[in-house]
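Quick caveat, the model's predicted, so the values are computed rather than measured.
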Amino acid sequence: PPMNPKHCIPKKWNIQQCYSPPCGMYDMLAKLATLLAKKHSICMLLDSGSLLGAVRNNGHLEWDKDTDFAVFSTNLTAIESSLDAMKLKWKYVGKENNGLTNIGQGFGYHVYTEYKQYIDLWLWSKVSDTHVSCVGINNGCEYWYLHNWKKKPPTYNVHYYENIIHIPFGQWLMPSPNHPENILNQKYSRSWKTKCGGWQRGDIPCSRLYKVRLFVCLLQLVEYGTFL
């Protein structure tokens, strides 16, 4: 999509306090998004559960084990050099599947952190004149979706990704597709506004936390609203 990488640079948000994960996790994500945008002209946008958490809770969902970002590039060299520059441990999800070419069918990168959450970077691209989607390598996103969810990855209107907006995520305003609620409605149905919970083994049931921690940030939200 014709998105401007200059608009994909996170902005610091002056808040009083952030909850889980520690503020350092948000700082690390902002640093990675900034590095990709400034040095390689690659946009890294909030996606999936992290987009949901940003819209509804202004940060990472405490019961989720990972953060999800859509990286609009399949330039493995640029992405890997950025991860290495930050001294992050990572693996390409899929390389281990094919010993002949060393590149199998994966969605992108699994990045380890010193915090409880890890990072998943899903490789996205334009798939038609009107839509974008996760593509991975060798159609790896489709393979991953069919294997885990028995369906193909959703495609989204390209216009949602042409004009990037910034929404609160921890103590940062992170780049996001515009009209994020439309994307969440398409992916999770409209129930995402009132229901919560993870699908992965080991995810913490959100019912233990949601009623006592509606928001990640201790702040009266005026400019951005509560999104509830």
Side-chain angles (χ1 to χ4, degrees), residues 3-73 75-76 78-93 107-124 134 161 164-178 180 183-184 198 200 203-204 213 215-219 221 224 227:
M3 59 180 70
N4 187 340
K6 293 181 179 179
H7 299 161
C8 296
I9 299 173
K11 303 175 183 179
K12 194 64 183 290
W13 188 33
N14 185 22
I15 68 168
Q16 298 172 2
Q17 181 180 350
C18 68
Y19 285 145
S20 177
C23 292
M25 177 72 169
Y26 294 113
D27 288 336
M28 181 179 63
L29 291 166
K31 183 178 179 180
L32 178 58
T34 299
L35 181 60
L36 287 170
K38 285 188 173 181
K39 188 170 183 178
H40 302 289
S41 298
I42 294 174
C43 285
M44 171 178 151
L45 309 182
L46 289 163
D47 185 44
S48 300
S50 294
L51 180 61
L52 193 160
V55 171
R56 195 175 67 188
N57 294 58
N58 304 133
H60 183 83
L61 300 174
E62 294 186 60
W63 52 88
D64 202 349
K65 294 189 302 183
D66 64 359
T67 56
D68 296 296
F69 284 84
V71 177
F72 277 82
S73 176
N75 185 340
L76 305 187
I79 297 170
E80 291 171 13
S81 67
S82 298
L83 295 172
D84 290 341
M86 291 183 59
K87 295 181 169 54
L88 293 171
K89 294 182 179 180
W90 55 268
K91 72 173 183 178
Y92 174 71
V93 182
F107 64 77
Y109 291 87
H110 187 86
V111 184
Y112 302 94
T113 76
E114 61 184 285
Y115 307 103
K116 293 181 179 179
Q117 290 80 17
Y118 53 86
I119 307 167
D120 279 338
L121 302 179
W122 301 74
L123 306 187
W124 281 52
C134 179
Y161 293 86
I164 302 304
I165 64 172
H166 290 78
I167 56 179
F169 194 65
Q171 70 272 29
W172 288 87
L173 297 175
M174 293 295 288
S176 161
N178 62 71
I183 294 172
L184 294 172
Q200 302 179 87
D203 276 347
I204 302 171
R213 286 193 177 177
F215 302 104
V216 173
C217 305
L218 275 176
L219 187 70
L221 300 179
Y224 296 97
F227 300 106

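- Here the shortest heavy-atom pairing between Asp66 and His60 reads O-CE1, 2.9 Å.
- With hydrogens and angles ignored, the 3.5 Å screen pairs a side-chain donor or acceptor of Ser82 with a backbone N or O of Ala78.
- Considering only residues two or more places apart in sequence or on other chains, Thr34 meets the side chain to side chain donor-acceptor pair (under 3.5 Å) condition with none of them.
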Could you give me the CA-CA distance, side-chain angles and deciding distance for Leu83 and Leu32, then say whether side chain to side chain contact (heavy atoms under 4.5 Å, CB included) is met? CA-CA 8 Å; Leu83 295 172; Leu32 178 58; 3.9 Å; yes
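- Using a 4.5 Å heavy-atom cutoff, the side chains of Thr67 and Met25 are in contact.
- Between the side chain of Asn4 and the backbone N or O of Lys6 there is at least one donor-acceptor pair closer than 3.5 Å.
- For the atom pair CE of Met86 and CG of Leu36, the computed distance is 9.0 Å after rounding to the nearest 0.5 Å.
- Partners of Thr113 by side chain to side chain donor-acceptor pair (under 3.5 Å), not counting sequence neighbours: none found.
- The closest side-chain heavy-atom distance from Lys39 to Ser81 is not below 4.5 Å.
- Across all their heavy atoms, Ser73 and Ile79 have their closest contact at O-CD1, 4.1 Å.
- Atom CD1 in Ile164 sits 12.0 Å away from atom CE in Met174 (nearest 0.5 Å).
- Side-chain atoms of Leu29 and Trp172, non-hydrogen and from C-beta on, never get closer than 4.5 Å to each other.
- Taking the side chain as every heavy atom from C-beta outward, Pro180 and Ile165 approach each other to under 4.5 Å.
- Contact of the Leu45 side chain with the Ser176 side chain is not registered, since no non-hydrogen atoms from C-beta on lie closer than 4.5 Å.
- The two residues Gln171 and Cys23 have their closest heavy-atom pair at NE2-O, 2.9 Å.
- Considering all non-hydrogen atoms of both residues, Asp47 and Ala70 come closest at CB-N, 3.6 Å.
- To the nearest 0.5 angstrom, Tyr161 atom OH is 12.0 Å from Cys43 atom SG.
- In this structure, Ile9 and His166 approach most closely via the heavy-atom pair O-NE2, 2.9 Å.
- For the pair Gly170 and Trp13, the tightest heavy-atom approach, listed with the atom from each and the gap, is O-CE3, 3.4 Å.
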- Going through the checks in order, is the side chain to side chain contact (heavy atoms under 4.5 Å, CB included) test met by Met28 and Leu88? CA-CA 10 Å; Met28 181 179 63; Leu88 293 171; 3.5 Å; yes
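- Screening Val93, Leu121, Asp68 against Phe107 for a side chain to side chain contact (heavy atoms under 4.5 Å, CB included) leaves a single residue, Val93.
- Between the side chains of His110 and Asp120, at least one donor-acceptor pair of N or O atoms lies under 3.5 Å.
- Separation of the Tyr109 and Tyr92 ring centroids falls under the 6.0 Å cut-off.
- Here the CG-CZ distance, from Asn57 to Phe169, works out to 10.0 Å after rounding to the nearest 0.5 Å.
- Under the 4.5 Å side-chain criterion, counting only non-hydrogen atoms from C-beta, Ile167 is not in contact with Asn58.
- For the pair Phe72 and Trp124, the minimum side-chain heavy-atom distance is below 4.5 Å.
- Considering only heavy atoms from C-beta on, Cys8 comes within 4.5 Å of Met3 through its side chain.
- In this structure, Leu173 CG and Lys11 NZ are separated by 7.5 Å, a value rounded to the nearest 0.5 Å.
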